[in-house]
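Owing to the predicted nature of the structure, the values given are computational and were not obtained by experimental measurement. Chain letters run A, B, ... following the sequence lines, proteins first, then strands; residues in each count from 1.
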2 protein chains.
Amino acid sequence: MPVYGVSHVDNLRVCVVMVGLPARGKSFISQKIVRYLSWLSIATRSFSVSSYRREEYKLQPTADFFDPANIDGLHIREQATDDALKNIIKWMNEENGCVAILDGSNVTKQKRQLVCQVLKNHKIEPIFLESFCDDETMVNSMMLDINATSPDYTGKSSKYATEDLLTKINYYKKYYEPMDLADEKDLSFIKLINVNSQIIINKIESYLESRIAYYIMNLHIKPRYIWLSRHGESQYNLEGKIGGDADLSERGMKYARKLKDLVAQYIPNHENIEVWTSTLRRTNQTAQFLPNPKKQWKALDELDAGSCDGLTYDEIEREFPEDFKARDENKFEYRYRGGESYRDVIVRLEPIIMELENQENVLVITHQAVLRCIYAYFMNVPQEESPWMSIPLHTMIRLEPRAYQTIVTRIKADIPAVSTYKEKGTSKLGESSNGGNVMAGEVISSSSSGSAGTASGHAVV
Amino acid sequence: MPVYGVSHVDNLRVCVVMVGLPARGKSFISQKIVRYLSWLSIATRSFSVSSYRREEYKLQPTADFFDPANIDGLHIREQATDDALKNIIKWMNEENGCVAILDGSNVTKQKRQLVCQVLKNHKIEPIFLESFCDDETMVNSMMLDINATSPDYTGKSSKYATEDLLTKINYYKKYYEPMDLADEKDLSFIKLINVNSQIIINKIESYLESRIAYYIMNLHIKPRYIWLSRHGESQYNLEGKIGGDADLSERGMKYARKLKDLVAQYIPNHENIEVWTSTLRRTNQTAQFLPNPKKQWKALDELDAGSCDGLTYDEIEREFPEDFKARDENKFEYRYRGGESYRDVIVRLEPIIMELENQENVLVITHQAVLRCIYAYFMNVPQEESPWMSIPLHTMIRLEPRAYQTIVTRIKADIPAVSTYKEKGTSKLGESSNGGNVMAGEVISSSSSGSAGTASGHAVV
């Protein structure tokens, strides 16, 4: 029997129907929802109408294609919506999809009624999600983003793209009817005005719907960093033991001292940073030299290894051979006897993620498995891969969430530490884990968090 | 150092300013917020303007008091708001209050500007929370509630109360200015239209504010029940051991069989009930004969006793005398070595509570400490008392949340079981825990969940 966390979603079939002019962040919001719900193990996929239009009609159209007077253009766009809807229904029926996102513009009331009807006929609950934006600075920044990333403008100059996009927006404006609080009050909808300066929530009743609304409420688009670090090397790390509540090793203590310098050197306005640790000694000792305000979170404690707590991987392989094998086979789902699985950790981390989305300027000092889960969220790493990511000791990590990607920078402290990385199928640990051959301050990885039309991008770290 | 959960609230000073006509559920919403945040250990208190008016001016006024032409009435009401504000400021400064609720009507823009200014001058962040309701059925049901419970109508006939309240509402309507999306767009506010059919959220930025909005989004006022049960008696219960993952005893198994009958007999539409269990054997075995759909939640697992898992209280007293004493002294905060405290359990239960608020028709089969925490939320039991509540084995509990109280019914299965209740200062367990001398189907307790003007009511169970 599956174990439930934030939301149980049996038989749930919801389609989030995006509404809004071009350059209103619809794809950005779609991708964030996909990433968040997928991370919570809810089968979620975005279906981009424009990608259907491109894929099936091989079109990289100019703005005139969107002129309401252009009957061919209109027909092809209608057809692309139909195709997207058909694929949503197919995906729900054949692959047990739970939450689909129809990433299109759906700017007329008539179109929305039509989409609503099709979905309801297939027992899919529609929620409309409109991004209304009349703040010019916001729109301009989103336009720049589209010019740089949209396949419609691949190989085109920035000047051309801007002008073309503006013309396209103006065509759309001719027939755009923002969602109407009176006329459309029978639809479930969330209307975002200038991102989330004002949010109107209409007829949102189910738990999952309210959760999506809450998640969007916490998003913001201010530039910011999130800082992460594992605790310094511990006595248990030296002995190859997992779990426990050991003190730092001598080298771990050295990292704790060095961390103070790294924070001062790399974190802008580091006086204002809040430091979050787990309740375990090794993270608190790692934070001890930082003068910043600190918060202890039980939710940041290491994955609980239950009966295997305090053992080495060798001992686990010997004493619990079946468990050892089962864990290697499905590390995400495997729950230690009397302990936790990665899935369990994600459930308890969810409030942390929500708060990290809302927050600026936090340094999180925590543990290998927990960092893997946090990392998986920000980098959109698929479930089955996240427990196998390498997060070395004695390295400060900077995440920079951007519209369509999170940029990662690893800052190596240059203090040796053992490896705690166990490869699949062996009980042996790696030789070194000090960030490999990455140099101090070097950006070693940046990864797209998924592209329109797919449920998951993939971070190479 | 305190351990953080859902929200860390250092230096947080927020005042939720209620807005709306009489009989719009303002006090109901205030009390729910107080109960929810207090349960999360956030110091929250509601300050009811009408209770200041009554306490200080000994008034049980007729509707004419609220006539805008009545200068004396106006003056006294202004004074009551001032008094409430002064007390909010005093409470924040002297008692480290975090979230105050100004439970008044605040129906004019001018009044709201004034309140906003006073709060900002004292470094308190105002959030306005308007309950706008034009659904007559809802208003009527809230009027009945006020007639029955308001001290303004103590000793008065229901007919008198209804007429007087209607006159009062009409006076208020003369000067009511609903919150204005344009004029008041610089204020942080949440506007509820017909409870939560439509919600408008303006400039809600902090994590705690978005959390309050999310909580309100999940509230509903449909009549419903929540059904609770501990697992049947386990082998560990028989041996007086805590924690573990033991099977049911013979009598426990008998309860599991009986539970099927109790569900069929007492739960209306019991086919539609969802059964939630923890991941531990004893709750799953207790649910095994129920034909209903089941969900396993790690968050419903018993409080983790860490190093003391599998010991009897005698053994704990012997082996960890200091811990035994510390736990008795502050059972809410005490965290077992490598395990959890009651506070930790509340943090992980928070999503369950949110979902229970949203949901109808759930039977939760879980453990003593977890049930105490769920119970404490619904019954508004103070933190320090909740770990000492007696929740007997082999008893199904029905909670019926109403506007100002939750009504509890205990349904005894009449199958003997050991007591698992340990009194303070001893390692001995009680003699019997089979619901005492309560009879099958009998309502044994109903308790107000707090009255206006106080932060906590108290459940006698």
Check the angle between the aromatic planes of A:Y214 and B:Y214 and answer parallel, tilted or perpendicular using the 30° and 60° thresholds.
-> parallel

Which bit of A:S206 comes within less than 4.5 Å of chain B, counting heavy atoms only: side chain, backbone, both or neither?
-> backbone

Could you tell me which portion of A:N218 (side chain, backbone, both or neither) has an atom closer than 4.5 angstrom to a non-hydrogen atom of chain B?
-> side chain

Top contributor to chain B interface from A:N196, A:I193, A:I190, A:N202 [non-hydrogen pairs under 4.5 Å] = A:N202

Which residues satisfy the salt bridge (charged side-chain N to carboxylate O under 4.0 Å, His left out) test with B:E340, sequence neighbours excluded?
-> B:R348

What is the distance from atom CD of B:E355 to atom CZ of A:R211, rounded to the nearest 0.5 Å?
-> 8.5 Å

Residue A:I352 versus chain B: region with a heavy atom under 4.5 Å = neither

Counting only heavy atoms not in B:E271, do more than 12 fall under 6.0 Å of its CD?
-> yes

Give, as side chain, backbone, both or neither, the part of A:D301 having an atom under 4.5 angstrom from any heavy atom of chain B.
-> neither

Got a second to check how far B:I200's CD1 is from A:K191's NZ, nearest 0.5 Å?
-> 10.5 Å

Please look at A:S210 and chain B and tell me whether the side chain, the backbone, both or neither of the residue comes under 4.5 angstrom of a heavy atom of that chain.
-> both

So how far is it from A:K298 NZ to B:S341 OG, rounded to the nearest 0.5 Å?
-> 7.5 Å

Go through the atoms of B:D304 and report whether side chain, backbone, both or neither lie under 4.5 Å from a heavy atom of chain A.
-> side chain

Considering only heavy atoms, which portion of A:E205 lies under 4.5 Å from any heavy atom of chain B: side chain, backbone, both, or neither?
-> backbone

Which value, rounded to the nearest 0.5 Å, describes the distance between A:Q198 atom CD and B:I204 atom CD1?
-> 11.0 Å

Name all residues meeting the salt bridge (charged side-chain N to carboxylate O under 4.0 Å, His left out) criterion together with A:E184; count only those two or more places apart in sequence or in a different chain, and write none if there are none.
-> A:R112

Verify the neighbour count for atom CD of B:E136: are there more than 12 heavy atoms of other residues, nucleotides or ligands below 6.0 Å?
-> no

A:N358 versus chain B, the contacting section by heavy-atom distance below 4.5 Å = side chain

